[in-house]
Engineer: 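Take a look at the following structure, please.
All values below come from the heavy atoms of this structure, side chains included, with hydrogens, waters and symmetry mates left out. The sequence lines fix the lettering, A, B, ..., with proteins before strands; numbering per chain opens at 1. The model shown is predicted, which means the values in this text are computed figures rather than measured ones.
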There are 2 protein chains.
Amino acid sequence: MNYSRQRELILETLKEYAIHPNAEELYIKVHEKDKNISKGTLYRNLNRLAKEGIIKKIDGLDSSSHFDHNIHEHYHLICTKCNRIFDIEKETTQIPQLNIENDFKVLSYDIIFKGICKECSNK
Amino acid sequence: MNYSRQRELILETLKEYAIHPNAEELYIKVHEKDKNISKGTLYRNLNRLAKEGIIKKIDGLDSSSHFDHNIHEHYHLICTKCNRIFDIEKETTQIPQLNIENDFKVLSYDIIFKGICKECSNK
DNA sequence: ACCAAAAGTAGTAATAATTCCTATTTTTAT
DNA sequence: ATAAAAATAGGAATTATTACTACTTTTGGT
């Protein structure tokens, strides 16, 4: 993977997010910094970075993919009321143990919990 | 949820699949049985059925959602080479234990493993 | 069985999300 | 300095999904 200024900018901008933006949301911020950056470049790099394990791709919230710069191992909670993604620490979850290593080489995994967050429950 | 012939047909057709089709793939089969069924109806019902826990929505393979009629608890393996979804039984995985029940009411969860399947490894 | 309200649908339009394409630019290794 | 490889910009094209509206079906009460 050769260096590219654009990829650096994309990664750097993603890191400024506390939430987990999708490509469109991220594009707005990236575009503020570099008017010439293209959507193709954004998508290409987000997918590349995710494949390399430098960022995480989160699916399941809506029809778009969301991205997480946090590579420290953790899982995700999706509130189906307010449509927000919350992080959940590994420590509160038992690590899945697979007996399938011979059949499938696991490179990454995510656990996505769906439900209602505290805030929405109290409404 | 009122009865609808179309929803029955969609569910019945999904159950004929061993693999995990996306809406488009399913539409082809459903459309063979009922020429008048619309995409809107398909999407509406797939999402409804998934929300009710009657079927499972699987995200993460590509930009489309895939669906699984198998409600028996299990997780998923996605091969990033051949782009196929494999089922993995609960028995081979420790059930995630959450300490967050007070903060988040979990309604469902899925574990998505990504990696290379045996077949693709042997190539 | 009849009927009104509620729920659901068909068909199509619109939007959103993502990928593809090509000429140009940048990076990298020599 | 330079050529090959990798990456980008910009826009077109495609794919996936949702929205809209008039019409049809379901349901529960009579």
Engineer: Does Ile71(B) CD1 have over 12 foreign heavy atoms under 6.0 Å away?
Structural biologist: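 Count not over threshold, so no.
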Engineer: Output, in order, the C-alpha distance, side-chain angles, deciding distance and verdict of side-chain contact (heavy atoms from CB on, under 4.5 Å) for Ile112(A) and Tyr109(B).
Structural biologist: CA-CA 5 Å; Ile112(A) 304 251; Tyr109(B) 68 91; over 6 Å; no
Engineer: Rounded off to whole Å, could you give me the CD1-to-P distance for the Ile37(A) and dT25(C) pair?
Structural biologist: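 In whole Å, dT25(C) P lies 17 Å from Ile37(A) CD1.
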Engineer: Let me know, please, whether Arg7(B) or Ser63(A) comes out on the 5' side of the other along DNA chain C by nearest nucleotide.
Structural biologist: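 Closest to the 5' end, via its nearest nucleotide, is Arg7(B).
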Engineer: Mind calculating the distance between CG (Leu46(B)) and C1' (dT9(C)) to the nearest angstrom?
Structural biologist: 15 Å
Engineer: Nearest of dG11(C), dG8(C), dT18(C) to any side-chain atom of Arg44(B)?
Structural biologist: dG8(C)
Engineer: Please report, rounded to the nearest Å, how far the C1' atom of dT19(C) is from the CG atom of Asn45(A).
Structural biologist: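 Atom-to-atom, Asn45(A) to dT19(C), this comes out as 14 Å.
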Engineer: Lys114(B) side chain to Gly60(B) main-chain N or O, any donor-acceptor pair under 3.5 Å?
Structural biologist: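 Yes, the answer is positive, given that a donor and an acceptor are paired below the 3.5 Å cut-off.
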Engineer: Whole angstroms only, please: what is the CG-C1' distance between Asn83(B) and dT18(C)?
Structural biologist: 15 Å
Engineer: Mind calculating the distance between CG (Leu49(B)) and P (dG8(C)) to the nearest angstrom?
Structural biologist: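 Rounded to the whole Å, the gap is 11 Å.
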Engineer: Run the side-chain hydrogen bond (donor to acceptor under 3.5 Å, both in side chains) test on Ser121(A) and Lys105(B) for me, step by step, so that the C-alpha distance in whole Å, both residues' side-chain angles and the decisive distance to 0.1 Å come before the verdict.
Structural biologist: CA-CA 8 Å; Ser121(A) 291; Lys105(B) 185 187 280 183; 5.4 Å; no
Engineer: Checking Glu52(B) side chain against Leu49(B) main chain: does a donor-acceptor pair fall under 3.5 Å?
Structural biologist: no
Engineer: Taking the minimum atom-to-atom distance to the side chain of Tyr43(B), which one of dA9(D), dT18(C), dT18(D) wins?
Structural biologist: dT18(D)
Engineer: NA contact type, Asp62(B), heavy-atom cut-off 4.0 Å: base, sugar-phosphate, or nothing?
Structural biologist: nothing
Engineer: Could you see if Leu61(A) belongs to whatever hydrophobic cluster contains Ile78(B)? Use Ile, Leu, Val, Met, Phe, Trp, Tyr and a side-chain cutoff under 4.5 Å.
Structural biologist: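 Cluster IDs for Leu61(A) and Ile78(B) differ.
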Engineer: From CG of Asn36(B) over to C1' of dC23(D), roughly how many Å is that when rounded to an integer?
Structural biologist: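 In whole Å, dC23(D) C1' and Asn36(B) CG are 13 Å from each other.
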Engineer: Which value, rounded to the nearest 0.5 Å, describes the distance between Lys56(A) atom NZ and Asp110(A) atom CG?
Structural biologist: 4.5 Å
Engineer: Using five base pairs at each end, measure the axis-to-axis angle across the helix from dA1(C)-dT30(D) to dT30(C)-dA1(D) and round it to 10 degrees.
Structural biologist: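 About 50° separates the two local helix axes.
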Engineer: Measure CG/Asp59(A) against P/dA16(D) and give the value in whole Å, please.
Structural biologist: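 After rounding, the reported distance stands at 14 Å.
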Engineer: Under the side-chain contact (heavy atoms from CB on, under 4.5 Å) criterion, do Arg84(B) and Cys117(B) qualify, and how do the steps go?
Structural biologist: CA-CA 9 Å; Arg84(B) 282 187 296 172; Cys117(B) 74; 4.0 Å; yes
Engineer: Distances under 3.5 Å only, N/O to N/O: pair up the protein atoms with those of nucleotides 26-30 of chain D.
Structural biologist:
from	atom 1	to	atom 2	distance (Å)
dT27(D)	OP1	Tyr3(B)	N	3.2

Engineer: Counting heavy atoms from C-beta on, name the nucleotide in dA17(C), dA9(D), dT17(D) closest to the side chain of Ser64(A).
Structural biologist: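 Of all the options, the side chain of Ser64(A) is nearest to dA17(C).
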Engineer: If each of Gln6(B) and Lys39(B) is mapped to the nucleotide of DNA chain C with the nearest heavy atom, which maps nearer the 5' terminus, i.e. the 5' end?
Structural biologist: Gln6(B)
Engineer: Check DNA chain D against residues 10-29 of chain A and give the residues with a non-hydrogen atom under 4.0 Å, in numerical order.
Structural biologist: none
Engineer: Going by distance alone, is a donor N or O of one side chain under 3.5 Å from an acceptor N or O of the other, for Asn70(A) and His20(A)?
Structural biologist: no
Engineer: Measure from CG on Leu42(B) to P on dG11(C) and round the result to the nearest Å.
Structural biologist: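 Going from Leu42(B) (CG) to dG11(C) (P), I get 14 Å.
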Engineer: Do you know which of Met1(A), Glu8(A), Gln6(A) makes side chain to side chain contact (heavy atoms under 4.5 Å, CB included) with Ser4(A)?
Structural biologist: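 So the option named by the test is Gln6(A).
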Engineer: Hey, mind stepping through His72(A) and Glu89(A) against side-chain hydrogen bond (donor to acceptor under 3.5 Å, both in side chains) and telling me if it holds?
Structural biologist: CA-CA 9 Å; His72(A) 145 251; Glu89(A) 296 305 311; 3.2 Å; yes
Engineer: Let me confirm one number: the CG-NE2 distance from Asp68(B) to His74(B), rounded to the nearest 0.5 Å.
Structural biologist: 4.0 Å
